[in-house]
Amino acid sequence: MFEKVLIANRGEIALRVHRACQEMGISTVAIHSTADADAMHVRLADESVCVGPPPATESYLNIPAIISACEITGAEAVHPGYGFLSENAKFVEILEEHDINFIGPSSEHIRLMGDKVTAKTTVKDLGIPVVPGSDGAVTSNEQARAVAEEVGYPLLIKAAAGGGGRGMKIARTADDLNEAISTAKAESKAAFNDDAIYVEKYLGRPRHIEVQIIGDANGKVLHLGERDCSLQRRHQKVLEEARSPALNDQEREQIGNTVTTALSKLGYLGVGTVEFLYENGEFYFIEMNTRLQVEHPVTEMITGLDLVREQIRIAAGMPLPMDQNDITFYGHAIECRINAENARTFTPSPGLIRDFHAPGGLGVRIDSAAFSGYRIPPYYDSLIGKLIVHGRNRNECLMRLRRALREIVVDGIDTTIPLFLDLINHPDFVNGDYHIHWLEEFLAETT
Ligand code: ADP
């Protein structure tokens with residue numbers, strides 16, 4: 001096992017990784033920008049290294065500085081968290097050249113799934129159902145038009161390099177097509193310096209359901225059930241739950257088996273998430289994330305497994321200590337993403353948290369790097385914490401979430417907490433009856 005791990009991230013996820021390391025007897029190295037010198041992840045780590053000025057491109061994405069930090073401190077492995085360098089194949093290769101372990105999948109698998117066009121064709125060949133659409137990238141508007149005639153409108157134009165919902169445009173009719181293609185291309189070029197696109201059928205009211213998987217170096221791949229992340233705004237997840245209120249056990253088993261069979265053919269190592277849209281009883285693959293997800297705690301709550309611990313063990317060459325039959329699911333879990341944003345306009349609200357009080361009690365978990373007196377810097381994403389609740393069933397989970405949301409105090413800045421307080425009383429949410437556009441429709445009706 002590793003003796004020292006460098007955590008190449010900040011905020012709640014850096015703390016999350018630190019906690020797993022501590023419990024495994026591994027010492028930790030935090031990296032930070034000058035803006036984060038007093039941050040909680042720096043305070044708790046055994047050692048810390050400043051890797052640059054506030055902009056992420058000069059600090060948390062500064063590969064030479066991070067490699068030097070490993071060398072200076074003698075860290076044998078790097079945990080990337082999510083975001084930043086977590087899906088950067090080049091970074092993984094540079095670490096390899098320096099004999100430093102990457103706690104995550106191979107650079108080959110990161111690259112394969114990072115390009116959404118190759119990802120889609122690869123998983124399709126492995127037997128995973130995909131959204132009907134173009135076979136690979138489309139290089140001309142005529143080609144897109146031909147696909148549209150086959151699958152029908154509305155059509156979704158998507159960036160091959162896409163992420164965070166950028167480079168995604170809908171063509172409702174044939175008249176919209178040319179414009180949708182040129183805006184998607186321009187947006188993708190600006191965001192990812194790549195204007196390759198592909199097209200697929202736009203599904204009207206699907207749910208977003210994703211399957212968590214984990215694979216070891218012996219080729220064993222297990223699934224840890226699904227998460228429902230249908231509550232989204234601008235294609236960004238806002239609240240996640242496990243298990244999905246929409247699936248029955250037969251559907252769960254079927255999609256779990258399809259995914260594990262496919263990923264074991266690929267020899268996938270580490271944790272990963274296969275994302276689907278689900279409509280009228282059918283699953284359609286949209287993408288695979290080759291890293292730990294923000295919403296991983298809901299899976300941990302219902303399986304009792306520590307996903308970060310498993311990631312570290314796998315990276316150290318250890319086999320998964322369980323089989324699929326050993327994985328059991330208990331109760332229900334919900335996660336609310338608490339962002340430093342106005343709950344209605346979603347305008348970022350960085351600044352001083354005057355008072356922070358975390359809720360507690362049975363079944364309540366807070367993953368956050370915030371504290372009273374913490375000043376949220378304006379340079380990074382607005383996630384300040386995750387409130388995760390677990391109950392024996394969905395109803396108990398909802399009751400517990402309601403009281404935890406009433407207990408939590410984050411004073412001095414705007415947060416998304418009032419939005420969750422509104423949601424928790426809505427009959428559609430209480431009944432689990434929602435889809436990927438539901439939240440935006442709710443916001444439009446109530447704002
Ligand atoms: P990104 O990597 O940019 O987040 P994804 O492919 O994961 O892109 O899609 C993000 C979200 O966009 C999905 O959760 C869903 O809300 C929506 N979306 C993606 N593909 C489709 C589709 N074919 N039809 C309808 N909505 C879609």
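Residues: numbered from 1 along the sequence shown. Whatever order the structure lists them in is the order used to number ligands and atoms, beginning at 1.
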Exercise for the section: Kindly say whether the aromatic ring centers of F276 and Y284 come within a distance under 6.0 Å. Expected result: no
Fill in the blank from the handout: Residue shell for ligand 1, any heavy atom closer than 4.0 Å, reads K116, V131, L156, K158, G163, G164, G165, M168, E200, K201, Y202, L203, H208, Q232, H235, E275, L277, I286, E287, I436
Problem - Close side-chain approach of I327 to M322, heavy-atom, < 4.5 Å - result: yes
Exercise for the section: Please examine the side chains of V78 and I103, heavy atoms only from C-beta on, and report whether any two atoms are closer than 4.5 Å. Expected result: no
Exercise for the section: Could you tell me whether a side-chain N or O of D195 sits under 3.5 Å from a main-chain N or O of K189, the two making a donor and an acceptor? Expected result: no
Handout entry: Results of side-chain hydrogen bond (donor to acceptor under 3.5 Å, both in side chains) for D115 - residues two or more places apart only
Key = T118
Practice task
Report the distance from atom CZ of F420 to atom SG of C336, rounding to the nearest 0.5 Å.
Solution key: 4.5 Å
